[in-house]
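First the structure, in the form of structure tokens, and then the observations on it.
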Amino acid sequence: NTVGTHNVSEASFFQCRGVRDTAYMATIDTPPNEDVDMANAKVMFFIGCHLGENIHVSHLKRYLKGLENGAKLIVVDPRYSAAAAKSHIWVPIRPGTDTAFLLAIMNYLIQNEKYAADFVEEHGEGFEEMAEGIKEWTLEKAAAECDIPAAQIKEVADLLAANMPHVSIHPGRHVTWYGTDFQRQRALACLTGLLGAFGVKGAFVPPKGPKIGKVGWPKKEGEHEGNLREMADVHHYSPPGTPTELIRDAAITGKPYPIKGCVIWGQNPMQTMPAQAKTIKMLEQMDFVLCVDVMPTDITMYADILLPDTSYLERYDMIKTGTQWNFADEHQQYIAPRMPLVAPGFERKESIYITNEIAKRMGYGDKIPVQTQEELIDKMLAGANLTLAQIKAEGGIHIQPGKDPYGVSEDLVVQFKNDELEENGYPAIPTYIPVERPPQGFQRLIYGRSPVHTFNRTQNNAWLMAAQSENPVWVNDKLAARLGLKEGDRVSLTNQDGIKSRTTTTVKVTPGIREDCVYMHHGFGSMNPELTVGCNKGVDDQSLITKIAVDPETGAHGMRNNFVK
Ligand SMILES: Nc1nc2c(c(=O)[nH]1)N[C@H]1C(S)=C(S)[C@@H](COP(=O)(O)OP(=O)(O)OC[C@H]3O[C@@H](n4cnc5c(=O)[nH]c(N)nc54)[C@H](O)[C@@H]3O)O[C@H]1N2
Ligand SMILES: Nc1nc2c(c(=O)[nH]1)N[C@H]1C(S)=C(S)[C@@H](COP(=O)(O)OP(=O)(O)OC[C@H]3O[C@@H](n4cnc5c(=O)[nH]c(N)nc54)[C@H](O)[C@@H]3O)O[C@H]1N2
Ligand SMILES: [Mo]
């Protein structure tokens with residue numbers, strides 16, 4: 001803000017959930033977070049969401065409560081995930097075809113008048129046009145595209161219809177898969193609308209959280225030119241910031257202007273972004289790279305200066321707020337600043353100290369809003385009439401009565417057709433865009449979370465590495481037999497561009513994955529030798545993701561378009 005650059009890119013948007021947020025905004029005008037009332041759902045519907053391996057504790061609690069309460073679970077995943085293992089219907093879909101599946105469900109529900117007609121009448125916009133536009137998506141057509149039985153698509157649709165509106169259509173989280181993801185996320189939001197699954201028990205229900213104050217750096221005054229996205233007039237539904245690919249390309253080509261310095265703060269773009277060779281090119285042409293991290297990683301190898309941040313156990317941290325909104329009869333709100341357990345070790349400094357010292361040297365000393373993290377927290381808490389001292393006296397967490405989150409706003413509009421999208425040159429109704437299929441002799445590389453690790457951040461944690469020290473590659477049992485592979489065999493992988501993994505891993509032979517893909521956990525195979533525990537353990541999925549797919553609406557990176565043998 002203060003320097004005035006637009007070129008800020010967060011992995012959590014452009015390589016994760018940004019597509020989801022803006023696709024829902026283009027449909028219901030609000031980002032969905034993961035606001036599904038799973039605890040009270042009659043049916044939970046997951047599309048490539050593998051809760052239980054993907055851990056967010058509060059979400060997991062709601063999900064487990066839902067199962068305990070007898071909810072039926074539908075899991076759409078080419079792999080037999082932990083969630084699939086608990087499901088009533090597992091749909092082992094052909095990777096990349098989910099939008100076709102969703103369109104067929106919607107078409108079937110509409111054709112057979114099994115949708116929430118009153119809700120659609122009251123809140124829908126462009127319904128007729130969408131109904132007309134997706135007519136071609138019969139169960140049979142989708143079955144052929146998705147490589148699953150038509151009867152199973154019907155079974156899913158009927159189960160949703162029989163239980164609407166109390167269905168949790170999970171909006172997903174990591175959704176940058178194929179560069180066609182905005183359309184799939186739009187289809188999910190439209191399906192939610194078709195089922196009337198907003199604001200009622202078990203449906204999409206945004207919680208009413210507590211309000212705290214905001215403190216920030218002043219924005220640079222006056223016009224700042226040089227927004228790469230605006231200059232290129234692309235990605236009109238970009239999440240906040242600049243699509244990473246635009247920044248990387250500008251840095252490499254020097255056009256429309258050179259980018260010669262960068263700050264990488266708590267991100268690891270070497271393993272987060274596809275096409276590592278391009279990332280290296282970008283970094284090598286920089287005059288200056290600053291990294292702020294808690295350990296040496298593959299990105300810090302490229303730092304001119306590496307500043308050591310305090311770890312989360314050594315610092316005051318941002319305030320966590322939320323609600324216990326869906327399984328206590330009483331709705332509760334909480335406000336909880338994270339507090340240090342130990343003093344910072346070695347030369348580690350908290351992020352506010354680092355920012356302020358840099359700001360002073362750059363001549364922005366007079367703009368510094370707070371001196372310490374504690375001061376920041378106190379100022380934010382003032383917005384809720386609280387102080388840090390008070391919260392400490394309350395045992396570290398402040399709990400207050402919450403508000404009933406149920407009910408549908410009269411203003412809610414579900415844009416089945418979005419004219420503005422059309423004006424910007426994108427499909428106005430959810431549209432299926434096929435992706436390339438694996439060439440002969442190759443399998444699609446898909447990846448996901450390890451339940452015990454967090455990306456590569458835990459690769460130097462000796463306890464977690466003892467629990468899981470590498471990332472076996474899941475290979476379908478019939479395919480393994482054809483390839484002569486046995487459980488535990490050590491392999492390397494080569495992708496369609498001839499890029500070979502630097503390291504090896506073992507094979508996990510299982511019927512729990514389709515034959516056209518292989519699966520591995522993300523975050524392994526780090527190459528920084530200073531990562532004394534984690535270096536060269538397992539295979540880095542990102543090193544094999546060399547073919548880039550950019551989502552036209554958002555500029556986010558699709559990462560499941562690569563094939564390996
Ligand atoms: N191939 C592939 N790519 C992916 C994904 C995938 O599954 N496969 N997942 C995608 C998703 S969903 C996301 S959200 C992104 C995540 O991408 P990133 O946000 O880049 O996440 P990490 O890889 O964990 O990198 C975090 C970095 O921050 C450092 N760090 C940890 N704690 C602290 C701290 O307290 N302070 C500071 N300053 N640094 C800290 C870590 O050491 C690490 O270097 O990656 C995306 N990219
Ligand atoms: N333990 C742990 N938990 C985490 C994290 C972590 O690092 N560790 N990271 C957190 C973050 S930032 C995020 S974004 C979430 C990510 O969690 P999720 O949003 O659940 O995303 P992924 O882990 O990428 O999901 C991978 C699943 O998608 C399936 N899949 C692959 N291709 C397709 C396809 O074409 N169609 C369908 N339907 N499914 C497909 C895979 O088989 C796999 O089961 O996890 C969060 N939770
Ligand atoms: Mo993420």
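All ligand and atom numbering here is 1-based and tracks the order in the structure. Start at 1 with the first residue, then count along the sequence. Just the heavy atoms: all of them, side chains too, but no hydrogens, waters or symmetry mates, feed the values below.
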Consider every N or O of Gly266 and every N or O of ligand 1, then say whether any pair is closer than 3.5 Å. yes
Atom CD of residue position Glu487 - does it have more than 12 heavy atoms of other residues, nucleotides or ligands inside 6.0 Å? yes
Residue pairs meeting salt bridge (Lys or Arg N to Asp or Glu O under 4.0 Å), one or both in residues 143-152, sequence neighbours left out, come to Glu145-Arg437, Asp147-Arg514
For ligand 2, which is the ligand I care about here, please tell me if Tyr519 has any N or O atom under 3.5 Å from one of the ligand's N or O atoms. no
Salt bridge or not between Glu284 and Lys281? Use side-chain N to carboxylate O under 4.0 Å. no
Kindly confirm or rule out an N or O of Ser12 lying under 3.5 angstrom from an N or O of ligand 1. no
Look only at interatomic distance and state if Asp541 has a nitrogen or oxygen under 3.5 Å from any nitrogen or oxygen of ligand 1. yes
Compute the shortest N/O to N/O distance between Cys49 and ligand 2 and return yes if it is under 3.5 Å, no if not. no
For atom 23 (O) of ligand 2, what's the nearest protein heavy atom and its distance? His50 NE2, 2.6 Å
Geometry only, no angles: is Gly172 polar-contacting ligand 2 at N/O separations under 3.5 Å? no
Before signing off on this row, confirm whether Gln15 and ligand 1 have an N or O atom pair separated by under 3.5 Å. no
For Thr458 and His453, which I'm curious about, is there any donor-acceptor pair between the side chains at under 3.5 Å? yes
For Arg449, is at least one N or O under 3.5 Å away from an N or O on ligand 2? yes
All pairs passing salt bridge (Lys or Arg N to Asp or Glu O under 4.0 Å) where residues 292-317 contributes a residue, at least two apart: Asp309-Arg315, Glu314-Arg348, Arg315-Asp317, Asp317-Arg338
Can an N or O of Thr454 be found at a distance shorter than 3.5 Å from an N or O of ligand 1? no
Could you check whether atom NZ of Lys547 has more than 12 heavy atoms from other residues, nucleotides or ligands sitting under 6.0 Å from it? yes
Looking only at heavy atoms of Arg444, does any of them come nearer than 4.0 Å to an atom of ligand 2? no
So that I can tick it off, tell me whether Glu34 and Arg62 are bridged by a salt bridge, with the cut-off set at under 4.0 angstrom between side-chain N and carboxylate O. no
Can you check which of His174, His522, Arg184 brings a heavy atom nearest to atom 19 (O) of ligand 2? His174
Give a yes-or-no answer on whether the side chains of Arg457 and Asn268 include a donor-acceptor pair shorter than 3.5 Å. no
Test of understanding: given a 4.0 Å heavy-atom threshold, classify the contact between Cys16 and ligand 2 as side chain, backbone, both, or neither. side chain
Below 3.5 angstrom, do we get any N/O pair linking Val76 and ligand 2? yes
What is the nearest protein non-hydrogen atom to atom 31 (C) of ligand 2, stated with its residue, atom name and distance? Arg560 NH1, 3.2 Å
Below 3.5 Å, N or O to N or O, backbone or side chain included: is there any such pair between Gly448 and ligand 2? no
Electrostatic pair Glu53-Arg79, nearest N-O below 4.0 angstrom: yes
With backbone taken as N, CA, C and O and side chain as the heavy atoms from C-beta onward, which portion of Thr272 lies under 4.0 Å from ligand 1: side chain, backbone, both, or neither? both
Indicate yes or no: does an N/O atom of Arg94 lie under 3.5 Å from an N/O atom of ligand 2? no
Suppose we measure from atom 37 (C) of ligand 1 to each protein heavy atom; which comes out shortest, and what is that distance? Asp309 OD2, 3.3 Å
Part of Arg17 within contact of ligand 2 (heavy atoms, under 4.0 Å): neither
Just to be sure I read this right, does ligand 1 sit under 4.0 Å from the backbone of Asn268, its side chain, both, or neither, counting only heavy atoms? both
So for ligand 2, is His453 a polar contact partner (N or O within less than 3.5 Å, distance only)? yes
Is it the side chain, the backbone, both or neither of Ile446 that has a heavy atom closer than 4.0 Å to ligand 2? side chain
Counting only N and O atoms by type, is there a donor-acceptor contact under 3.5 Å from the side chain of Asn471 to the main-chain atoms of Val539? yes
Below 4.0 Å, non-hydrogen atoms only: which portion of Arg315 touches ligand 1? Side chain, backbone, both or neither. side chain
